[in-house]
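We count ligands from 1, going down the list as the structure has it; atoms in each ligand are counted the same way.
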Amino acid sequence: MIFYRIKQFYWAINSKLNDKDIKFLKSNLNSQELNLFFRLSVNEQKHSINVAYDVEKICKVQDVDSKVILKASLLHDIGKCVKKLTIIDKGLIVIGDKISKGRLRKFCNLKKIYVYYNHGIIGYEILKKYNYNDRILYLIKNHHNNEVKEDSELNILKMCDSRN
Ligand SMILES: [Fe+2]
Ligand SMILES: [Fe+2]
């Protein structure tokens with residue numbers, strides 16, 4: 001787990017979009033979605049792209065239609081665009097969450113902490129205004145909800161999110 005976090009930190013400080021990423025984004029997002037996407041910090045952009053690459057691979061293997069889930073993957077953390085978290089903020093919150101066993105959530109009056117815990121719902125609220133299809137909204141809203149277990153697309157998204 002610690003090794004994984006270090007790897008994630010290393011990825012985050014070295015994140016940069018390449019030509020392949022831009023092409024991939026353009027083939028899966030329309031111009032309005034691209035505008036939203038680029039409001040994320042670069043490391044969140046890279047994370048979302050890596051999640052989507054991973055989702056695409058799994059959809060191919062499992063022969064699942066990937067259109068909706070790919071768009072949801074690219075936009076799953078869009079709620080984070082309301083308050084950019086630096087890599088250091090994120091690291092501190094992840095460690096604080098572990099040490100406090102989730103009690104850090106009580107400090108939700110601090111905007112960065114609020115966004116960290118609630119970005120699924122914030123993303124849902126942002127995209128709802130653009131009349132998104134219910135399925136995309138649902139996947140984004142619930143990507144950190146551990147109470148929903150019987151949804152195979154959501155499970156693919158959650159798995160790819162946690163390992164990227
Ligand atoms: Fe997330
Ligand atoms: Fe994520």
Side-chain angles (χ1 to χ4, degrees), residues 1-17 21 24-25 28-29 33-59 64 66 68-98 100 102 104-105 107-108 110-130 132 134-149 151-164:
M1 188 63 189
I2 294 224
F3 173 70
Y4 170 73
R5 285 288 169 205
I6 293 170
K7 200 165 73 171
Q8 216 177 25
F9 182 77
Y10 177 80
W11 283 343
I13 46 176
N14 287 290
S15 55
K16 229 165 95 189
L17 302 198
D21 298 336
F24 181 72
L25 282 174
N28 287 292
L29 299 179
E33 290 159 352
L34 286 170
N35 277 335
L36 268 176
F37 184 85
F38 287 123
R39 280 164 58 189
L40 287 169
S41 63
V42 180
N43 62 76
E44 297 294 353
Q45 291 174 24
K46 193 73 182 178
H47 160 72
S48 303
I49 291 171
N50 287 333
V51 171
Y53 285 149
D54 204 3
V55 163
E56 190 180 42
K57 261 189 243 157
I58 293 186
C59 287
V64 175
S66 62
V68 165
I69 184 170
L70 271 185
K71 206 182 262 281
S73 308
L74 287 171
L75 298 173
H76 77 281
D77 278 337
I78 209 70
K80 292 186 179 173
C81 72
V82 298
K83 186 81 193 172
K84 282 190 185 164
L85 295 176
T86 65
I87 304 159
I88 305 290
D89 293 333
K90 209 174 149 191
L92 288 175
I93 295 175
V94 169
I95 293 165
D97 183 67
K98 285 271 170 298
S100 72
L104 187 68
R105 195 182 268 276
F107 295 92
C108 277
L110 297 173
K111 192 162 182 192
K112 283 180 178 175
I113 293 181
Y114 179 80
V115 170
Y116 177 79
Y117 284 108
N118 295 288
H119 65 271
I121 293 166
I122 300 169
Y124 160 80
E125 297 289 345
I126 293 172
L127 295 175
K128 207 169 66 172
K129 293 184 201 133
Y130 296 98
Y132 266 84
D134 287 346
R135 191 64 193 145
I136 293 183
L137 293 177
Y138 179 86
L139 292 170
I140 291 172
K141 187 179 181 181
N142 290 294
H143 78 273
H144 289 294
N145 182 350
N146 292 327
E147 273 153 42
V148 188
K149 294 195 170 23
D151 185 316
S152 56
E153 283 184 325
L154 185 62
N155 289 341
I156 293 174
L157 174 58
K158 281 180 179 171
M159 182 176 78
C160 297
D161 188 21
S162 68
R163 63 188 190 190
N164 285 283

Looking at Asp161, which of its N, O or S atoms is the nearest one to the Fe ion (ligand 2)? OD1

Looking only at N, O or S atoms, which one in Asp77 sits nearest to the Fe ion (ligand 2)? OD2

Tell me whether the Fe ion (ligand 2) has Glu44 as a neighbour, meaning an N, O or S atom of it below 2.8 Å. no

Presence of N, O or S from His143 under 2.8 Å of the Fe ion (ligand 2): no

Does a side-chain heavy-atom distance below 4.5 Å link Leu25 with Gln45? no

Are the side chains of Asp161 and His47 in contact, using a 4.5 Å heavy-atom criterion? yes

Look at the aromatic rings of Tyr53 and Phe24 and report parallel, tilted or perpendicular, splitting at 30° and 60°. tilted

Using the Fe ion (ligand 1) as the vertex, how large is the angle between NE2 of His119 and NE2 of His144, rounded to 10 degrees? 90°

Backbone or side chain, does His76 get an N/O/S atom under 2.8 Å to the Fe ion (ligand 1)? no

Smallest separation among heavy atoms of Ser48 and Leu74, with atom names: CB-O, 3.5 Å

Looking at Arg135 and Asp151, is any side-chain nitrogen of the basic one under 4.0 Å from a carboxylate oxygen of the acidic one? yes

